[in-house]
Number of protein chains: 2
Amino acid sequence: MALDDRKRLILQAIVEDYINSAEPVGSRSISKKPELNLSAATIRNEMGDLEEMGLLAQPHTSAGRVPTTGGYRMYVDSLMERYEMTAAEIEKMRQATSMKKQELEKIVRDVAAAFSGITGLPVIGMLPASEAGVVKNIKVVKVDDYTAMLIVSDKSGIIKNRLLKLNQDISESFADELSQILNQNLAGLTISEINISNMMEIRSAIGHNFEILTSVIELVHEAVSEIDSKQIFVDGLSNILRFPEYSSVDKVKELFDVLEDKENLSKLIVEANPTNCTKVLIGEEMPLDALKNNSLVIAPYRASDRLVGLLGVIGPARMDYSRIISGLEFFTAQLSGVLTKDFGTRQILLEMGKGDET
Amino acid sequence: MALDDRKRLILQAIVEDYINSAEPVGSRSISKKPELNLSAATIRNEMGDLEEMGLLAQPHTSAGRVPTTGGYRMYVDSLMERYEMTAAEIEKMRQATSMKKQELEKIVRDVAAAFSGITGLPVIGMLPASEAGVVKNIKVVKVDDYTAMLIVSDKSGIIKNRLLKLNQDISESFADELSQILNQNLAGLTISEINISNMMEIRSAIGHNFEILTSVIELVHEAVSEIDSKQIFVDGLSNILRFPEYSSVDKVKELFDVLEDKENLSKLIVEANPTNCTKVLIGEEMPLDALKNNSLVIAPYRASDRLVGLLGVIGPARMDYSRIISGLEFFTAQLSGVLTKDFGTRQILLEMGKGDET
DNA sequence: TGTTAGCACTCAACGCGAAAGAGTGCTAAT
DNA sequence: ATTAGCACTCTTTCGCGTTGAGTGCTAACA
């Protein structure tokens, strides 16, 4: 059976009506729309056809129709119109990205919060996973009496730091010396290569003050592993409570359990694999059984053509795809723009590492 | 009417039964307990008395009794026995605090997560609010080509840092120069005192490179304001979904709305004001109407006698006070121990500031 | 041949009342 | 002072008829 223009219009109308109302839509309410001038009976016939094609379903015999996963898919792929963001939304976005010159993590979190506010849905953010986590440079800086800061940068330009609490005061020159020793021994190594044997070497190089060394190694290791693991977070989780889909606590718990488990969530995002463009996972397309009634829209953000991280929106399958997709693409584009601009031509985040400096 | 020993025993039994079952407890189930050898009828008489005293209430005439706020209060203040933490719980705690030598924030977050795991309740953590946020020392360190790190420490020893992305490479000596200029102009000032006029002064001191300066000032301001505002966070929020008290989404939303609003939450915590010991707010004692069915247990943690921050547990009024209170005191004591030990005799966090060094 | 009005049919949702069950308060006996 | 017994109350549950939205089918119509 062919999906002619009239069927397409009807399907679109049904999907959009359902997205708004959350209630199965009947033939009468569609026949009332002025754009298609048809009686309820005709609509009913068409609905029957659409159901046969697997695009619609009935919760029960005497109910209206509800889009199936396939129906939403058809809508998203070829029916819906692009939503234009309002001036207010654009303004909100601008504000979230205007506090420039910050760390990547803070920028992304701010953007996620703003987007969650606009969509009224939870937003998932993923920060870059570095490649291999190769230590490029380590620096120890005296900050205060009894406190030094350890700054580790890796080859991909990510920077992590840790405070180092000491039992005794150290001189600035000792900090410099320590920096040098650490760099000589650890620069160029990956996290897995930093182990007891390096530690021994460094210990002998220092020759004294064993306690500081142990702490330092511990902290370097910790900082590097943080670089190594991709970070993931969720903002605006409680937004979903507004949807009738989550009127039962069991449903809420099901979703929360997935979203609070970073491991699982990370797997989900990676499986969605939005390598180079916005990806939409609808209902039954979701890889986790617990999420079969939800949808995920996810898109990458970049800094001059290189993938940096991901931003996603999760919600009921009955979400406003048009707004969400347009919005997400707008936001990731903005984010990419900010990152590309702010971090200069030779990207701080992306630079592959050339010379060392200590 | 006096609260004799028998009444106390009965009240205790009722409260504990209700904490376990979440259902109004009837006279029969209490009379079955071997420790008080009484018939249901006798228990009923006593229950009537306890109700008259405002310690129990009936949801409706033919239901069992439920503790009132006053009943819980009596239980917490003078009836309950101290819960002894199990070896497994202590081990979990030990692990959470064993990754020492970290930043305060990370330690507290780890402890909160561990405690949330043990209690199965949301845990609220509050990090120190500094006094006035006086800048003690500012340091600019070159980290990488095009990147420098700005490290601001305040008089109370809190340290914040910001990455500084540059359009051009800078030399280490320029970073040092910048550090010196910033210190000369900003050390000793509070956040509100750092404004346009200082900025002008510094600008004239540098004499060139206006763009870097603007960013630096912005970041200093940002870092100092972060010191100035107390940080607050909630861990394990989804735990509450397990309780029948939150079987309706409205109830969940009510609680979530309060806990997601950091402003409100902060006010709540401050009003609870657990100045020097564990404080329990029960049901109607809660300052917010939306929380009249919840309770909050909150306790301070310290570093050698000086208040550092707070840790709290929030949940239904029907919470296991004995476990929660014992656990929280154990945890805050551990935390205080770690902080006191790790940060040396002259506390890094608490030191009032003596000399400067650049 | 496509469209529409009419109508019987289906099924969830709602409201109502009877029955069950848990627990109480009171009274009288121990 | 305690307890057994009993009438009473009130929620919970279940069954059941009613309602109403919406369908599918058929026959009339353009």
Side-chain angles (χ1 to χ4, degrees), chain A residues 1-11 13-15 17-18 20-68 71 244-245 247-248, chain B residues 1-11 13-15 17-18 20-68 71 244-245 247-248:
Chain A
M1 195 175 324
L3 193 70
D4 57 30
D5 276 359
R6 196 170 72 179
K7 282 193 172 57
R8 297 165 71 90
L9 267 175
I10 292 172
L11 179 57
I14 292 171
V15 172
D17 193 297
Y18 185 64
N20 284 327
S21 70
E23 310 242 305
V25 347
S27 53
R28 252 182 76 76
S29 60
I30 296 302
S31 77
K32 272 179 201 144
K33 305 221 178 231
E35 59 266 33
L36 18 140
N37 216 350
L38 296 168
S39 75
T42 309
I43 303 286
R44 274 202 293 281
N45 288 331
E46 297 287 36
M47 278 173 152
D49 293 350
L50 289 168
E51 179 163 5
E52 219 171 288
M53 289 186 248
L55 301 173
L56 294 179
Q58 279 182 296
H60 54 88
T61 20
S62 75
R65 297 313 205 288
V66 163
T68 60
E245 276 82 351
S247 60
S248 116
Chain B
M1 195 177 325
L3 192 69
D4 57 31
D5 276 358
R6 197 171 72 178
K7 281 194 173 54
R8 297 166 71 89
L9 268 175
I10 291 172
L11 178 58
I14 291 171
V15 172
D17 193 296
Y18 184 65
N20 284 326
S21 69
E23 311 242 303
V25 347
S27 55
R28 251 184 75 78
S29 60
I30 296 300
S31 77
K32 273 180 199 142
K33 306 221 177 234
E35 60 266 33
L36 19 141
N37 217 350
L38 296 169
S39 76
T42 310
I43 303 287
R44 273 202 293 281
N45 288 331
E46 296 287 36
M47 277 173 154
D49 292 352
L50 288 168
E51 180 163 2
E52 215 170 291
M53 288 185 246
L55 301 174
L56 295 179
Q58 278 182 299
H60 54 87
T61 20
S62 76
R65 294 320 204 283
V66 162
T68 61
E245 275 83 350
S247 59
S248 116

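Proteins come first, then strands; the chains are lettered A, B, ... in the order of their sequence lines, and each starts at number 1.
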- Task: To the nearest Å, give me how far apart CG (A:Leu36) and C1' (C:dT3) are.
- Result: 14 Å
- Sorted by chain and residue number, the side chain to side chain contact (heavy atoms under 4.5 Å, CB included) partners of B:Ser29 (sequence neighbours excluded) come out as B:Asp17, B:Val25
- Query: If you walk 5' to 3' along DNA chain D, what is the first nucleotide with an atom under 4.0 Å of a heavy atom in chain B, and what is the last?
  - Reply: D:dT2 to D:dT11
Under 3.5 Å, which donor-acceptor pairs do the side chains of residues 54-64 of chain A form with other protein atoms, sequence neighbours left out?
from: A:Gln58; atom 1: NE2; to: A:Thr61; atom 2: O; distance (Å): 3.0
from: A:Gln58; atom 1: NE2; to: A:Ala63; atom 2: O; distance (Å): 3.1

- Considering non-hydrogen atoms only, spot the tightest contact between A:Tyr18 and A:Pro24 and give its length. CE1-N, 3.9 Å
- Applied to residues 29-41 of chain A, the salt bridge (Lys or Arg N to Asp or Glu O under 4.0 Å) test, sequence neighbours excluded, yields none
- Task: Calculate, to the nearest 0.5 Å, the distance between atoms CD1 and CD1 belonging to A:Ile10 and A:Ile43 respectively.
- Result: 4.0 Å
- Provide, to the nearest angstrom, the distance between the CD atom belonging to A:Glu23 and the P atom belonging to C:dA12. 15 Å
- Message: Distance check needed: C:dG2 P versus A:Ile10 CD1, whole Å only.
- Response: 14 Å
- Item | side-chain hydrogen bond (donor to acceptor under 3.5 Å, both in side chains) pairs, two or more places apart, involving residues 42-52 of chain B | B:Arg6-B:Glu46, B:Lys7-B:Glu46, B:Lys7-B:Asp49, B:Ser27-B:Arg44, B:Ser39-B:Thr42, B:Glu51-B:Arg65
- Shortest non-hydrogen contact between A:Gly71 and A:Leu11, atoms and distance: O-CD2, 4.4 Å
- Task: Go through residues 43-64 of chain B and report each residue with a non-hydrogen atom lying under 4.0 Å from DNA chain C, sorted by number.
- Result: B:Arg44, B:Met47, B:Gln58, B:Thr61, B:Ser62, B:Ala63, B:Gly64
